[in-house]
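Structure record follows, encoded as structure tokens.
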Number of protein chains: 2
Amino acid sequence: MADLPGTQGHTGESLLFLTDEQLRQGIEAMFFAYRGFTADPDRILSEMHYGRAHHRAVHFIHIVPGTTVNNLLSILGVTKQSLNRVLRTLIDDGLVESRIGRTDKRERHLFLTPDGRDLEHRLSDAQRARMRAAYRQAGPEAVVGFRKVLEAMMDPDLQRHYSGLREPR
Amino acid sequence: MADLPGTQGHTGESLLFLTDEQLRQGIEAMFFAYRGFTADPDRILSEMHYGRAHHRAVHFIHIVPGTTVNNLLSILGVTKQSLNRVLRTLIDDGLVESRIGRTDKRERHLFLTPDGRDLEHRLSDAQRARMRAAYRQAGPEAVVGFRKVLEAMMDPDLQRHYSGLREPR
DNA sequence: TTGGAATGTCAACAAGGCTGACTTAAAGTC
DNA sequence: GACTTTAAGTCAGCCTTGTTGACATTCCAA
């Protein structure tokens, strides 16, 4: 592919000739791949009567421990009422701890309890295994391209959350 | 990027050293990218009080015109009750036509009406525009890698539906 | 000190998944 | 011809997870 005549030299130019069919295949690939992507954690979650919303909350609390509800809201892109319901069950079940802010008592800072960390680990293990297998099968060059396209597909303000987590903080 | 020292040459080998952090970034990239991926059609759909379920049905009826309900079920991976609710509204609204099978009269074959094709076009236009922009921004090599990883991430039986649509039939 | 903004909670509703039970019609089988 | 299986559709009811609206608490700035 890197040697197709006339496609190299200046980046991207050949892609001016993207057919609708090529794009459609990319769209479907996203659809089916996302199903595979969530399948393994979904199985674990449904066993304990949780859903994807719980997974997302647990994931980002793990990544940004001590985050406020508001911050989590902007990452997840749901209403606070929606998040709150999920958060409440996680707190009631002892997976998440909510501490009242010290400087601003309106804020709640969220942390995983040991049980929460345990669930997070099980979920991310399953998802990482799938990811690792796909990466190996596709090869390192493919992975770089994969990431590039995904990053270009994000909404700019969502990309901020994503990149923000990668940058030193 | 293709010139990073030590990452090129033999495919795959360097990725034996995938850190959890690298994998986690891939997972988050999938999460945020999928949000961007569905954002544009979601806007169009919500204007007309439809949801993603309607989009998926319309999309695959467009791709496989004349498909039976059962076949659509296996592509979408939902129950017939769930699909039926969506399908009924689409038929009532005159976007989908259901024809009784000629050889097997138990089957219903599904087709888009002109109005249905119109909606399909508006939805896929929006999604293709996002896809095209991402492809251009990432470059042709990245696109190949993107597709490779996505295909490796699918469940094998879902991949069948996906590939099946690409193969000549 | 008081009014507005920010944060989080409670209640109720809708979409869209799910299971289970059932009907109808057609096809296949003994 | 009677019985079974299959395709599709329907009704009822449940769950998760999104939504809006109303409200309490807390902070801060005029």
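Chain identifiers are assigned alphabetically (A, B, ...) following the order of the sequence lines, protein sequences preceding nucleic acid strands; residue numbering begins at 1 within each chain. Because the structure is a prediction, the values reported are computed rather than measured.
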For [X] and [N], give me the distance from atom [atom1] to atom [atom2], rounded to whole Å.
X: B:Asn84; N: C:dC18; atom1: CG; atom2: P; answer: 13 Å
X: A:Glu107; N: C:dA6; atom1: CD; atom2: P; answer: 13 Å
X: B:Leu90; N: C:dG16; atom1: CG; atom2: P; answer: 10 Å
X: B:Leu83; N: C:dG16; atom1: CG; atom2: P; answer: 12 Å

Exercise. Hey, does the side chain of A:Arg130 reach the backbone of A:Gly36 with a donor-acceptor pair shorter than 3.5 angstrom?
Worked result: yes

Exercise. Hey, does the side chain of A:Gln127 reach the backbone of A:Pro41 with a donor-acceptor pair shorter than 3.5 angstrom?
Worked result: no

Exercise. To the nearest 0.5 Å, how far apart are NE2 in A:His49 and OG1 in A:Thr89?
Worked result: 12.5 Å

Problem set entry | From CD1 (A:Ile91) to CG (A:Leu110), nearest 0.5 Å | 6.5 Å

With sugar-phosphate meaning primed atoms plus P, OP1 and OP2, does [X] contact a base, only sugar-phosphate, or nothing at under 4.0 Å between heavy atoms?
X: A:Arg52; result: sugar-phosphate
X: A:His54; result: sugar-phosphate
X: A:Arg88; result: sugar-phosphate
X: A:Gly77; result: nothing

Seminar exercise, completed: Each nucleotide of nucleotides 19-30 of chain C classed B (base within 4.0 Å of a protein heavy atom), S (only sugar-phosphate) or -, in 5' to 3' order, makes BBB---BBS---

Exercise. If you walk 5' to 3' along DNA chain D, what is the first nucleotide with an atom under 4.0 Å of a heavy atom in chain B, and what is the last?
Worked result: D:dT6 to D:dC11

Exercise. Between A:Phe60 and B:Phe31, does the ring centroid distance fall short of 6.0 Å?
Worked result: yes

Problem set entry | NZ/NE/NH1/NH2 to OD/OE distance under 4.0 Å, A:Glu97 and A:Arg99 | yes

Exercise. Is it true that A:Glu28 and A:Arg24 make a salt bridge, defined as a side-chain N closer than 4.0 Å to a carboxylate O?
Worked result: yes

For this session: Starting from the 5' end of DNA chain D, give me the residue, A:Ala53 or B:Leu87, whose nearest nucleotide shows up first.
Result: B:Leu87

For this session: Would you mind telling me which residue lines up with the more 5' stretch of DNA chain D, A:His49 or A:Gly101, judged by nearest nucleotide?
Result: A:His49

Problem set entry | Intermediate values then yes/no, salt bridge (charged side-chain N to carboxylate O under 4.0 Å, His left out), B:Arg43 and B:Asp40 | CA-CA 5 Å; B:Arg43 263 188 292 275; B:Asp40 303 324; 2.6 Å; yes

For this session: Can you pull out how bent the helix from C:dT1-D:dA30 to C:dC30-D:dG1 is, comparing the axes over its first five and last five pairs, to 10°?
Result: 10°

For this session: Find out whether B:Thr38 and B:Arg52 are in side-chain contact, i.e. whether some heavy atom of one side chain is under 4.5 Å from a heavy atom of the other.
Result: yes

Problem set entry | Working for salt bridge (charged side-chain N to carboxylate O under 4.0 Å, His left out), residues B:Arg132 and A:Asp20 | CA-CA 9 Å; B:Arg132 185 180 290 115; A:Asp20 281 1; 3.6 Å; yes

For this session: Establish, with yes or no, whether the OP1 or OP2 oxygen of C:dG17 is under 4.0 angstrom from a side-chain nitrogen or oxygen of B:Arg56.
Result: yes

For this session: Describe, in one word, how the ring planes of B:His55 and B:His59 are oriented to each other, choosing from parallel (under 30°), tilted (30 to 60°) and perpendicular (over 60°).
Result: perpendicular

